[in-house]
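Reading through the structure tokens given below for one structure.
Remember, predicted model here, so these are calculated numbers, not experimental data. In what follows, every heavy atom counts, from backbone to side chain, and hydrogens, waters and symmetry copies are set aside.
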Amino acid sequence: MDADVIVVGAGLAGLVAAHELTSRGRRVALVDQENAANLGGQAYWSFGGLFLVDSPEQRRLGVKDSFELAWNDWQGSARFDRLQDEDSWAVRWARAYVEFAAGEKRSWLRSHGITLLPTVGWAERGDLRAGGHGNSVPRFHIAWGTGTGVVEPFADHARQAARDGLLAFHHRHRVDELVIEDGAARGVRGTVLAPDDAPRGVASNRDGTGAFELTAQAVIVTTGGIGADHDTIRRHWPARLGTPPAEMVTGVPAYVDGRMLDISAAAGVRLVNRDRMWHYTEGVRNWNPVWPGHGIRILPGPSSVWLDALGRRLPAPCLPGYDTLSTLEHLRTTDDLAGHDHSWFVLTRRIVEKEFALSGSEQNPDITAKDRGAVLRDRLLGKGAPGPVRDFLRHGADFVIADTLEQLVEKMNGLTGEPLLDAAEVRRQVQARDLQIANPYSKDAQVQGIRNARRYVGDRLGRVAVPHRILDPAAGPLIGVKLHILTRKTLGGIQTDLHSRALGTDGQVIDGLYAAGEVAGFGGGGVHGYNALEGTFLGGCLFSGRAAGRHAARQTA
């Protein structure tokens, strides 16, 4: 045996599994197709959002949360409807994860040196129904250090385990086959790729220089999803979301290619819920890209006016920050929108300064650097938009600025090359919205949501602009943002039991084979069901990677 356990994939789930194994004295071979600069994988680039329930941070801000409320929200969002088959393990994973988020998760994070910002964000506010999709209360806790800070302690532990002789890195080793003999996992085979010193996230070569084989008592697959492979996304695009876009921007590095899903299936592993996926509708092209087609997601506050490609205001619950997949479904299933892959935000200087945040560790250098002074100075006390947002306003190909609405619409039409937007019609809709601002109450669902958000102190202080008219000259200039569909997460994958053991096509455990993280739908083959509550992707990697590592350590004792 080359190791006690082989971990395929050096992202967050793989690093957590390796941590659990080496902490218990197991020898680990950590195999990844990228170079050492990419340790931590996609999680390194994330904003660092973590779903927690009834935390001290919430309570200090006056948020009353509970396991019961969170579990009701999760079930309303997931809408598990394959309970006798593909969701049979997913629903058990979901309840276990919400229990973890309401219990041990925060103290476990702190035991690894991961701490949280004192503010709590309110992401995925939902479909406006108590029993439907969405978070009833703010639960989006951001780690100091963003995703980089979440990855850091586990990457450091892996490096120390390597120095101690318990872990061997096999960078630039691409797994092409799972070796399963007599119903049990025995190792992996693959291709040694040519050396490549590309910086983190930059696409690397796929030139083979030879073959390799590694053997072990167990194999843990933690290779992520399909977010960088647009063809595979389109192949599994569900009919309920309409037609897949002809053009998308990419929210993950090129190595998030989903190869191990088909490789696992070829070895007799059961894949489930492959029609469930998560893509954002608020993507913009990165003016300073790292990987091909690099897109960044805008994390919007609730105040921007959202127009479809033909200039019509989106209906509730297709509001900024509310219901991601309902918005995606609306944009892809409305008959006259099928030929258009974009939508628009129309907003003011005041809104962009208060409400615009950009997802990603590199777009939040103050939090990533754990610079508390900079966060206080730039986000709470400072004037103007944060530096990365200003950079997009100056350089972003999807941003236009004008003093009047007619000038703005002309520039917006200039970005599409055809006059899809009618300035008079856009003005009519914006003015109707503006008339709703005069009173502290309203019939407009979005204006109601803005005022509701400002009742929460966290939003009022740092996230939601004072309600004002879009056409108020004092709030200007006006800003238009062309929004693209941004690829991101795979919600289905390898079906696993609560120990992260992979199941075969017969529904039985494959001895010695585990799967964790996005390749397993973050647990059970689809812990989120059809919808996610946000802050649950990193946490799913942590929770499922931990389960895989702990059980594999016991089985290889």
Side-chain angles (χ1 to χ4, degrees), residues 1-11 13-15 17-18 21-22 26-42 158-159 161-162 165-198 200-226 228-229 231-232 253-269 271 493-494 502 504 510-520 548 552 556:
M1 294 287 175
D2 296 296
D4 295 319
V5 181
I6 297 166
V7 177
V8 184
L15 290 174
L21 288 159
T22 55
R26 305 298 177 268
R27 295 179 304 114
V28 172
L30 187 57
V31 183
D32 195 275
Q33 64 183 348
E34 299 304 315
N35 62 26
N38 287 277
L39 198 62
Q42 180 185 339
R159 296 185 188 100
L166 285 172
L167 185 146
F169 288 110
H170 296 268
H171 295 297
R172 302 294 292 160
H173 282 58
R174 185 187 68 201
V175 171
D176 300 322
E177 180 185 356
L178 292 174
V179 179
I180 298 179
E181 300 172 349
D182 300 324
R186 292 290 180 252
V188 296
R189 297 189 184 105
T191 303
V192 179
L193 300 177
D196 194 316
D197 295 329
R200 181 186 289 274
V202 174
S204 60
N205 75 66
R206 290 293 178 264
D207 302 330
T209 63
F212 76 94
E213 181 172 355
L214 294 170
T215 58
Q217 298 179 62
V219 177
I220 304 177
V221 178
T222 64
T223 49
I226 63 174
D229 188 333
D231 290 338
T232 300
Y255 53 71
V256 186
D257 54 19
R259 289 182 70 255
M260 282 303 298
L261 287 164
D262 290 337
I263 290 168
S264 298
V269 179
L271 305 185
I494 297 172
I510 298 175
D511 186 40
L513 185 63
Y514 299 79
E518 193 175 350
V519 76
T556 55

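Nearest heavy atoms, Tyr514 versus Ala218: CE1-CB, 4.1 Å. The shortest heavy-atom contact between Ile510 and Val269 is CD1-CG2, 3.9 Å. Closest heavy-atom contact between Ala548 and Ala516: CB-CB, 4.3 Å. Taking all atoms of both residues into account, the shortest heavy-atom contact from Ile180 to Ala267 is CD1-O, 3.6 Å. For the pair Ile220 and Ala17, the tightest heavy-atom approach, listed with the atom from each and the gap, is CD1-CB, 4.1 Å. Summarising the geometry of Met1 relative to Gln217, their closest heavy-atom pair is SD-N, 3.8 Å, with the distance given to 0.1 Å.
Between the CG atom in Leu21 and the CD1 atom in Ile6 there is a gap of 12.0 Å [rounded to 0.5 Å]. Here Asp207 contributes atom CG and Leu193 contributes atom CG; the two are 8.0 Å apart, rounded to the nearest 0.5 Å. One distance of note links CD1 of Ile226 with CE of Met260; it measures 15.0 Å at 0.5 Å rounding. Once rounded to the nearest 0.5 Å, the distance linking OG1 of Thr191 with NE2 of His173 reads 10.0 Å.
At distances below 3.5 Å, not a single donor-acceptor pair connects side-chain atoms of Arg27 with backbone N or O atoms of Gly165. Listed for the Asp32 side chain is a donor-acceptor partner under 3.5 Å among the backbone atoms of Ala10. In this structure, Asn38 contributes its side chain and Gly201 its backbone to a donor-acceptor pair below 3.5 Å. Formation of a donor-acceptor pair under 3.5 Å by the Arg172 side chain with backbone atoms of Glu34 is not found in this model.
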### Task
For Ile494 and Leu271, run side chain to side chain contact (heavy atoms under 4.5 Å, CB included): C-alpha distance rounded to whole Å, both residues' side-chain angles, the deciding distance at 0.1 Å, then the answer.
CA-CA 5 Å; Ile494 297 172; Leu271 305 185; 3.5 Å; yes

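With a 4.5 Å cut-off on side-chain heavy atoms, Val31 and Phe212 count as touching. Between Thr223 and Arg259, the closest side-chain pair of non-hydrogen atoms is not below 4.5 Å. No side-chain heavy atom of Leu166 sits less than 4.5 Å from a side-chain heavy atom of Val28. Side-chain contact between Thr215 and Arg186 is absent, with no heavy-atom pair separated by less than 4.5 Å. Between Val221 and Leu178 the shortest side-chain heavy-atom distance falls below 4.5 Å. Taking 4.5 Å as the limit, some side-chain heavy atom of Asp257 sits within range of a side-chain heavy atom of Gln33. In this structure the side chain of Leu15 reaches within 4.5 angstrom of the side chain of Leu30, judged on heavy atoms. Under the 4.5 Å side-chain criterion, counting only non-hydrogen atoms from C-beta, Val8 is not in contact with Thr222.
Aromatic ring orientation, His171 versus Phe169: parallel (interplanar angle below 30°, classes split at 30° and 60°).
Side-chain atoms of Ser204 and Arg206 include a donor-acceptor pair closer than 3.5 Å.
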